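Remember, it's a predicted structure, so these values are computed and weren't measured experimentally. Both counts, for ligands and for their atoms, begin at 1 and track the order of listing.
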Amino acid sequence: MLVAPSANRVYADAAPRLAAQEAMAVLGAFGSWTAVAPTQVAGVDYLRVESDSEHALDVLSNLSATFAIFAAEGELLRPIPLQRRQFYPDDVVTIQKYQGKTNEQWTRLLLNVTAAATKQPGRWLDGRLDVMDPMCGRGTTLNIALLAGYSVTGVDIDRKDYDTYAAFLKTWAQTHRLKHTMDRGASTTGGRARGREFTLEVAPDKDAFKAGETHTVRYLSTDTTELSGLVRAASIDVIVTDTPYGVQHGSHGDRLSRRPMELIDRALPAWTTTLRTGGAVGLSYNRHVAPADELALLLEQHGLTVVTDIEAAPFRHRVDASIDRDLIVARKD
Ligand SMILES: C[S@@+](CC[C@H](N)C(=O)[O-])C[C@H]1O[C@@H](n2cnc3c(N)ncnc32)[C@H](O)[C@@H]1O
């Protein structure tokens with residue numbers, strides 16, 4: 001596997017290691033692998049993978065750092081067509097640029113590793129995965145999930161993020177002449193106002209739309225600690241989110257954003273209720289503001305089983321002086 005050059009820009013020296021760890025985590029959910037190791041061919045970073053899983057090509061094609069795949073034949077590399085789950089133009093992920101945007105490649109890695117930790121990882125490949133980002137900002141996770149054809153729900157309290165993202169998504173669908181509908185309105189439960197929401201229903205082409213083969217992006221502009229009546233219980237396979245980093249990100253002035261542990265503690269009851277049994281939560285977090293052992297304990301206290309090895313910390317990497325980034329995945333057993 002040729003590692004995407006963008007991986008080096010995101011993770012610097014850690015790129016080959018993170019690509020290898022992601023491959024091991026996801027291949028492990030689909031059978032076996034005998035070797036996964038970073039290597040160099042003619043001075044370029046590759047990942048050498050040996051696996052007899054029938055899904056190996058599907059898996060490798062859909063990892064976050066995959067640029068190209070080759071079969072090793074003696075000294076030579078024979079290109080193999082990628083089998084990517086990609087239903088839409090990928091500019092949906094790259095067009096928006098703003099302060100506080102979570103890196104796209106890291107978000108994809110988080111989604112992949114979390115889906116692989118569920119009891120039904122097959123949904124990641126066949127598209128039946130129901131994804132939720134309960135603190136979705138301007139939608140990086142939503143865009144990645146839509147691209148791969150998953151149905152996705154986002155929640156964020158920041159009204160400006162909601163408005164900006166709704167406008168972006170509508171314009172994007174129109175620009176690409178994608179057949180779609182977008183319903184926008186107020187969320188209410190039992191007569192009580194609960195914020196705003198929109199649902200985009202879209203299909204890659206007219207025929208698919210007519211046949212009802214659509215994908216949906218639903219976004220709720222509300223407080224993530226209170227989702228009852230808004231998101232159906234036991235309807236989500238994977239919850240993935242980039243938690244506030246405890247550093248000021250311009251517009252996000254929410255009080256709890258600066259205390260991520262307290263926010264996660266208050267939100268977990270709502271989040272776990274929406275999860276199916278066997279589903280998983282994957283959090284990206286800053287070890288400087290959320291100590292790994294405390295976060296693991298918190299997830300366990302909310303009835304989840306932590307599946308990430310927080311000691312070995314295979315995905316931990318330094319972003320800058322104030323962010324020591326890692327992920328943690330826990331399952332609802
Ligand atoms: C690190 S940002 C996520 C950025 C997002 N991944 C993106 O790429 O646009 C964390 C988000 O948590 C949201 N947030 C903080 N407290 C919240 C709450 N109580 N309910 C919902 N969202 C909240 C903030 O508004 C912010 O958008």
Discussion item. With the threshold set at under 4.0 angstrom, would you say Tyr98 reaches ligand 1 through any of its heavy atoms?
Written reply: yes
Practice prompt. Using a strict 4.0 Å cut-off to heavy atoms of Thr222, name the atoms of ligand 1 that fall inside it.
Written response: 20 (N), 21 (C)
Discussion item. Check this for me, if you would: do Asp205 and Lys179 make a salt bridge, where the nitrogen-to-carboxylate-oxygen distance has to be below 4.0 angstrom?
Written reply: no
Worksheet item: Which ligand 1 atoms does Thr102 reach within 4.0 Å, using its non-hydrogen atoms?
Response: 4 (C), 5 (C), 6 (N), 7 (C), 8 (O)
Discussion item. Below a 4.0 angstrom heavy-atom separation, can you tell me which part of Asp161, side chain or backbone, both or neither, approaches ligand 1?
Written reply: side chain
Worksheet item: Which ligand 1 atoms are under 4.0 Å away from a heavy-atom of Thr140?
Response: 7 (C), 8 (O), 9 (O)
Discussion item. Could you check whether Arg266 pairs with Glu226 (Lys NZ or Arg NE/NH1/NH2 to Asp/Glu carboxylate O, under 4.0 Å)?
Written reply: no
Fill in: Numbered atoms of ligand 1 (with element) below 4.0 Å of Asp223, judged on heavy atoms
18 (C), 19 (N), 20 (N)
Fill in: side chain to side chain contact (heavy atoms under 4.5 Å, CB included) partner of Gln105, the single match among Thr107, Asn103, Leu109
Asn103
Worksheet item: Would you say Thr243 has any N or O atom under 3.5 Å from an N or O of ligand 1, going by distance alone?
Response: no
Discussion item. So is Thr107 touching ligand 1 or not, going by heavy atoms under 4.0 Å?
Written reply: no
Worksheet item: Any side-chain donor paired with an acceptor under 3.5 Å for Asp326 and His317?
Response: no
Practice prompt. Compute both the distance and the angle, then confirm whether Arg196 meets the cation-pi test with Tyr162: under 6.0 Å from the six-membered ring centre, within 45 degrees of the axis.
Written response: no
Practice prompt. Would you please indicate if the ring centroids of Phe209 and His180 are separated by under 6.0 Å?
Written response: no
Worksheet item: Between Tyr150 and His215, does the ring centroid distance fall short of 6.0 Å?
Response: no
Worksheet entry | Atom indices of ligand 1 within 4.0 angstrom of Gly100 heavy atoms, with elements | 4 (C)
Discussion item. Looking only at distances, can you tell me whether any N or O atom of Thr225, backbone or side chain, sits closer than 3.5 Å to an N or O atom of ligand 1?
Written reply: no
Item to complete: Flag Asp242 as yes when one of its N or O atoms lies below 3.5 Å from any N or O atom of ligand 1, and as no otherwise.
Response: no
Worksheet entry | ligand 1 to Ile157 polar contact by distance, N or O atoms, under 3.5 Å | yes
Worksheet entry | Lys/Arg-Asp/Glu bridge criterion (N-O < 4.0 Å) met for Asp333, Lys119 | yes
Worksheet item: Going by distance alone, is a donor N or O of one side chain under 3.5 Å from an acceptor N or O of the other, for Ser53 and Trp33?
Response: no
Discussion item. Using a strict threshold of under 4.0 Å (side-chain N to carboxylate O), is an ion pair present between Asp158 and Lys160?
Written reply: no
Item to complete: Indicate, as side chain, backbone, both or neither, the part of Cys136 found under 4.0 angstrom from ligand 1 when only non-hydrogen atoms are considered.
Response: backbone
Worksheet entry | For Asp158, the ligand 1 atoms whose distance to one of its heavy atoms is below 4.0 Å | 25 (O)
Worksheet item: So is there a nitrogen or oxygen of Lys101 less than 3.5 Å from a nitrogen or oxygen in ligand 1?
Response: no
Response to the item:
Within the 4.0 Å heavy-atom cut-off, what Leu263 brings close to ligand 1 is side chain
